[in-house]
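The structure appears below as structure tokens.
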Amino acid sequence: PGLDQVDFSTQSLYEVLSTRYQLVVTRIDHVVRATAADGYRADLLGVLEGTPLLFVATSAYTEDGDIIEHSAAYYRADRYEYSTSQTCCE
């Protein structure tokens with residue numbers, strides 16, 4: 001409740017969830033997979049059918065292991081960059 005009143009240009013969703021609702025995201029999983037555009041997605045993305053796309057699924061979990069967010073999106077492979085950063089190891 002109340003998320004529709006939040007200005008997300010100044011706060012992140014995860015910050016709001018943590019400060020207002022005490023829901024702390026502790027893990028985020030990303031799956032990136034290559035696929036080909038079907039007719040529907042080709043039209044939406046302005047490419048030809050069969051053009052390479054990247055499918056990205058993201059799931060975020062609270063410290064209790066409950067899923068709090070899931071998204072799935074298709075991106076044009078010619079306009080997408082994926083980078084990661086890892087702090088490691090004890």
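Sequence positions, counted from 1, serve as the residue numbers for this chain.
A continuous path of hydrophobic side-chain contacts links Val25 to Val6 [ILVMFWY only; heavy atoms under 4.5 Å]. Following chains of ILVMFWY side-chain contacts shorter than 4.5 Å, one cannot reach Ile28 starting from Tyr61, and the two form parts of different hydrophobic clusters. Cluster annotation: Phe55 and Leu45 are assigned to the same hydrophobic cluster (Ile/Leu/Val/Met/Phe/Trp/Tyr, side-chain heavy-atom contacts under 4.5 Å, transitive). Residues Leu13 and Ile68 share a single hydrophobic cluster, defined by chaining ILVMFWY side chains whose heavy atoms lie under 4.5 Å apart. No continuous path of hydrophobic side-chain contacts links Leu53 to Tyr80 [ILVMFWY only; heavy atoms under 4.5 Å].
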### Task
Could you go through the side chain to side chain contact (heavy atoms under 4.5 Å, CB included) check for Thr26 and Thr62 one step at a time?
CA-CA 5 Å; Thr26 58; Thr62 64; 5.7 Å; no
### Message
The test is side chain to side chain contact (heavy atoms under 4.5 Å, CB included); show your working for Val47 and Arg76 and say whether it passes.
### Response
CA-CA 8 Å; Val47 298; Arg76 289 177 51 156; 3.6 Å; yes
### Task
Apply salt bridge (charged side-chain N to carboxylate O under 4.0 Å, His left out) to the pair Asp43 and Arg41, showing each step before the final yes or no.
CA-CA 5 Å; Asp43 287 344; Arg41 288 177 182 83; over 6 Å; no
### Query
Yes or no on side chain to side chain contact (heavy atoms under 4.5 Å, CB included) for Tyr74 and Leu54, after CA distance, side-chain angles and deciding distance?
CA-CA 6 Å; Tyr74 289 85; Leu54 292 173; over 6 Å; no
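Using modelled atom types, no side-chain atom of Ser18 and backbone atom of Tyr14 make a donor-acceptor pair closer than 3.5 Å.
For the residue pair Val16 and Phe8, the shortest heavy atom distance occurs at CG2-CE2, 4.1 Å. Considering all non-hydrogen atoms of both residues, Glu49 and Ala37 come closest at CG-O, 3.4 Å. Contact detail for His70 and Ile67: the closest heavy-atom pair is CB-CD1, 4.2 Å.
Within the model, atoms OG1 of Thr58 and CG of Asp29 stand 9.0 Å from one another, a figure rounded to the nearest 0.5 Å. Put simply, CZ on Arg27 and CD on Glu63 are 13.5 Å apart, with the number rounded to the nearest 0.5 Å.
Applying the 6.0 Å contact sphere to CG of Leu44 captures more than 12 heavy atoms from other residues, nucleotides or ligands.
Donor-acceptor pairing under 3.5 Å is recorded for the side chains of Asp7 and Ser9.
For residues 15-53, there are no ring pair (Phe, Tyr, Trp, His ring centres under 6.0 Å) pairs, not counting sequence neighbours.
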